[in-house]
Amino acid sequence: MARIWLHIGHGKTGTSSIQWAMAERSRLRRDVIYPARGRSNQMAHHGLFPLKGEAYAPETVRTLRQISERLASVDVPALLSSEHLCHASERKVTQISKAFAGHDLRVVYYIRRQDDLLESAFRQRQSAQPGACPDPALFLERFAKGFDFENRLQPWRTVFGDQAITLRLYHPAIIGPDVVADIERLLGLPDWPDRTAGQKNPSLTAAGTRKVMEAALVSPETALRLAQELRGVDTEGDNSPFYDAPTREAIMERYRASNQRIAGQFLDEAAAALFLKA
């Protein structure tokens, strides 16, 4: 029986950094198993956990069972990571539970205040799909449901129970400056001082995002190339956030009740205070 951690997201909480680091650690240190099967070129296990559909196809379930069988005799922790998982239906989560029956399955979910997360997610959308939903207000209304963490967690709570779930607030006062070090501690892995540091999915600044949006009005292809050039680069121009202070307050009010419930269940006092701060 292996202890298998399912890292279910949320996107824009250091997930890419975790995925690249775990792939590297699995290859070089071999004190964690981060299966190569089903990994995308960004190292996430999206191939194991397709986003579309209410249930996984039989071939996907067979693949999960094969991985489960290969992990039966390992004596180090294993990690499977995909942001798709926080959007999984209860039927999909049940399929995962059955595929890995007999193992000690744990779930870790990194969350972030929605006012910060939506700002970051909007910029990411403009970077990855220039010209798609360029109106911040429309983006908020269209995708708001996906940022309700209580809803994202519900299938996992139903199938696995709260005792199997760990919530971590993506905030430097809670996890420190390095999210990879935080999940390494959670998995019980020793320090790796020589681990390569680096952001694998750097974001655009607000000014950089605006330049990409302007370019997308003329040519989405040119805008996509520009986005690649400007990621992680301090860009001159209007760096004011896309969501102003009143909008940010309204965002947090939208999720206030559900945030309070999950904070009370899963976060310690310090993390809850930062998460719920008005």
Could you check whether any side-chain N or O of [X] sits under 3.5 Å from a backbone N or O of [Y], counting only pairs where one atom can act as donor and the other as acceptor?
X	Y	result
Lys92	Gly53	yes
Lys12	Leu118	no
Asp191	Pro193	no
Gln95	Tyr56	yes
His103	Leu105	no
Thr209	Arg123	no
Thr158	Gln154	yes
Ser219	Ala215	no
Ser240	Asp238	no

His87 and Leu51: CA distance, side-chain angles, deciding distance, side chain to side chain contact (heavy atoms under 4.5 Å, CB included) verdict: CA-CA 7 Å; His87 299 284; Leu51 189 59; 3.9 Å; yes
Straight-line distance of [X] [atom1] to [Y] [atom2], nearest 0.5 Å:
X	Y	atom1	atom2	value
Trp5	Tyr34	CH2	OH	15.5 Å
Ile33	Asp75	CD1	CG	8.0 Å
Leu140	Thr247	CG	OG1	8.0 Å
Gln228	Leu204	CD	CG	9.0 Å
Ile174	Asp182	CD1	CG	9.5 Å
Gln114	Glu253	CD	CD	12.0 Å

Check your understanding: When hydrophobic residues are tied together by side-chain contacts of less than 4.5 Å, even through go-betweens, does Leu267 share a cluster with Leu276?
Key ->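 As far as the 4.5 Å side-chain criterion goes, Leu276 and Leu267 are connected within one cluster.
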ask   = Can the ring centroids of Phe147 and Phe143 be said to lie less than 6.0 angstrom from one another?
value =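 They do not qualify: ring centres at least 6.0 Å apart.
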Give the minimum heavy-atom separation between [X] and [Y], together with the two atoms involved.
X	Y	answer
Glu184	Arg195	OE2-NE, 3.3 Å
Arg254	Ala144	NH1-CB, 3.5 Å
Pro190	Arg25	O-NH2, 2.8 Å
Ala272	Ala263	CB-CB, 4.1 Å
Gly11	Leu117	O-CD1, 3.3 Å

Sidechain N-carboxylate O distance under 4.0 Å for [X], [Y]:
X	Y	result
Glu236	Lys211	no
Lys145	Asp148	no
Arg210	Glu214	no

Could you point out which residue of His45, His46, His7, Gln19 forms a side-chain hydrogen bond (donor to acceptor under 3.5 Å, both in side chains) with Ser82?
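When side-chain hydrogen bond (donor to acceptor under 3.5 Å, both in side chains) is applied between Ser82 and each of His45, His46, His7, Gln19, only His46 qualifies.
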Sort and list the pairs that fulfil side chain to side chain donor-acceptor pair (under 3.5 Å) and have at least one residue in residues 125-138, not counting sequence neighbours.
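Listed once each, the pairs are Arg125-Gln129, Ser127-Arg231.
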So, [X] versus [Y]: side-chain donor-acceptor pair below 3.5 Å or not?
X	Y	result
Glu90	Thr94	no
Arg37	Gln66	yes
Tyr170	Asp116	no

Can you list every pair that meets ring pair (Phe, Tyr, Trp, His ring centres under 6.0 Å) and has a residue in residues 228-278, with sequence neighbours left out?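 Qualifying pairs, neighbours excluded: Phe122-Phe242.
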Note to self: With a sphere of 6.0 Å drawn around CD of Glu59, does it hold more than 12 non-hydrogen atoms of other residues, nucleotides or ligands?
What the structure shows: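 Yes, the 6.0 Å shell around CD holds more than 12 heavy atoms from other groups.
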Inset, instruction - Would you indicate whether Arg248, at its atom CZ, is surrounded by more than 12 heavy atoms from other residues, nucleotides or ligands within a distance under 6.0 Å? - result: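 More than 12 within 6.0 Å, yes.
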